[in-house]
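Just so we're clear, the structure is a prediction, and the values are computed from it rather than from any experiment. Each chain gets a letter, A, B and so on, in the order its sequence line appears, and its residues count up from 1.
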Number of protein chains: 2
Amino acid sequence: MARTGAETRELLVDTALRLFREQGFDGTTMRGIATEAGVSLGNAYHYFAGKDELVQELYRVVQVEHRDRTLPRLDPGAPLAENLRTTLHTGLDVMAPYHAFGQAFVRVALPSSSPASPFSPESAGPRDLAVDLMRTVVESSSTRVPARLRERLPHLLWLAYLGVTLHWVTDGSPDQRRTRRLVDGLAPVVGRALSLSRLPVARGLVDDVLTLATGLDGADRPTKEHA
Amino acid sequence: MARTGAETRELLVDTALRLFREQGFDGTTMRGIATEAGVSLGNAYHYFAGKDELVQELYRVVQVEHRDRTLPRLDPGAPLAENLRTTLHTGLDVMAPYHAFGQAFVRVALPSSSPASPFSPESAGPRDLAVDLMRTVVESSSTRVPARLRERLPHLLWLAYLGVTLHWVTDGSPDQRRTRRLVDGLAPVVGRALSLSRLPVARGLVDDVLTLATGLDGADRPTKEHA
DNA sequence: CGGTGCAGTTGAACACGTTCAACTGAGAGG
DNA sequence: CCTCTCAGTTGAACGTGTTCAACTGCACCG
């Protein structure tokens, strides 16, 4: 044999993602992936530090496909709520084959220390991809966004998307219909909230929420360490 | 030997919770728990279907202690934001010893199918405990709550508490300071949002949010099954 | 006394994720 | 032709969560 390393690696990723789709995360064993790919167990671990690392591969794949399938569906000039709805539904479409796998995805990605966390530096690429997608959604919509919000809104929408994903993961209803309904309800709420945010009376709340959201992600603010 | 079952069970719970505190979730093995408790491995599994089931025990313990430590600290007549802040901080105090364990807690509780999920029927007891605590917080505060919200607000605050818990679990900052800051920011935001919700212009948004929140938890709405 | 049921208990066994020291074999250098 | 190197690979081994058929010993019944 003696393939090149990149070939073996790709072979393993493809096999793993297929098995994840077919059997879920827990149902897929490292031995199964190795056997199915025709390599030894130890060799699989040569390319992936562990089962978790294969999750990051999925994260990447899903983000890219989400963007590629969403962009042509956006309706320029439509209200933000409508385009957001399209975007979120498309995201669910992309993830659907992996729902059996989703629980494990979150349990791997959740710890902020984990490189698979959407907040981690290692995930910067996929994260920027997702935030940029939301920026496109905002900019290609007709809805007017207050100046204070404009810069931050894509990031907020990405956080909302994470929330939807979290709900989707825990959604045991058939075809995850509850999450679909959540999206249908959430999009107009965002639209209404945006309208409301233009009123002077809401200014204080908007500012506070922005501050809150800033604290949500990223590591601790650099606290002037002296070493 | 031949203890009564309840005794052995309690012995196992105490031992497990202690080891979880000392060594975290992954660091604690079922063999370790069994050995430390002086019972056989198989016997531990006679009382708990698996490691996960011990998590529910912790969930229960934490909820009860949260309530017991919060009630005497509430300031009747103070603004809701202040009492909410106290409540959330007290919750963090109670959970603090288990932070190393927290990641595992979520990964066990997340799947809605899991009995350990805060939305599951099996968790109804602890959940009601937590929602009732929030109800007490609302009722013992001076802040006026719009009629449409009054009944649902405790439930919404409980959801917010879940969100804070989720953030806490993923919080890698020293002593989980970021979550403390989140609470300090969140409480006033809730207060402001509540004020805003009294304006007629916000009525539509409030109703939509309430509808959204209704869909968040619980199983699928009973869809008139004919069997 | 002998048996019978049964709550409580046991330890071996299985499959899994992960680690690691050793092997393979094709090319480079002499 | 021999040897060295090293990326690619291997399979045994460890500790884990979990399962299960069998054991123990006490209380009760005849």
I need the NZ-P distance between A:Lys51 and C:dT19, as an integer number of Å. 14 Å
Could you pick out which residue, A:Ala44 or B:Asp52, lies toward the 5' side of DNA chain D when each is mapped onto its nearest nucleotide? A:Ala44
Should the pair A:Arg135-A:Glu139 be classified as a salt bridge under the 4.0 Å nitrogen-to-oxygen rule? no
Rounded to the Å, how far apart are B:His46 NE2 and C:dG11 P? 16 Å
According to a strict under-4.0 Å criterion, is B:Tyr45 in side-chain N/O contact with OP1 or OP2 of D:dT18? yes
A:Phe48 near the nucleic acid: base, sugar-phosphate alone, or nothing, with a heavy-atom cut-off under 4.0 Å? nothing
Give a yes or no on whether a salt bridge exists between B:Asp171 and B:Arg180, defined as a side-chain N under 4.0 angstrom from a carboxylate O. no
Interatomic distance where CD belongs to B:Glu53 and P belongs to D:dT18 [whole Å]: 10 Å
Are any of the side-chain nitrogens in A:Glu36 or A:Arg31 under 4.0 Å away from the carboxylate oxygens of its partner? no
Answer whether the closest heavy-atom distance between the side chains of B:Trp168 and B:Met95 falls below 4.5 Å. yes
Using a strict heavy-atom distance below 4.0 Å, which residues from residues 22-34 of chain A are in contact with DNA chain C? A:Thr28, A:Thr29, A:Met30, A:Arg31
Salt bridge flag under 4.0 Å for residues B:Arg60 and B:Glu57: yes
Could you give the CG-to-P distance, from B:Leu41 to D:dT16, as a whole number of Å? 11 Å
Protein-nucleotide distance (A:Asn43, atom CG; D:dA7, atom P), rounded to Å: 14 Å
Test salt bridge (charged side-chain N to carboxylate O under 4.0 Å, His left out) on A:Arg127 and A:Asp132 and set out the steps. CA-CA 8 Å; A:Arg127 177 173 63 247; A:Asp132 282 347; over 6 Å; no
Any side-chain N or O of A:Thr8 below 4.0 angstrom from OP1/OP2 of D:dT9? yes
What nucleic acid atoms does B:Gly50 come within less than 4.0 Å of, heavy atoms only: base, sugar-phosphate, or nothing? sugar-phosphate
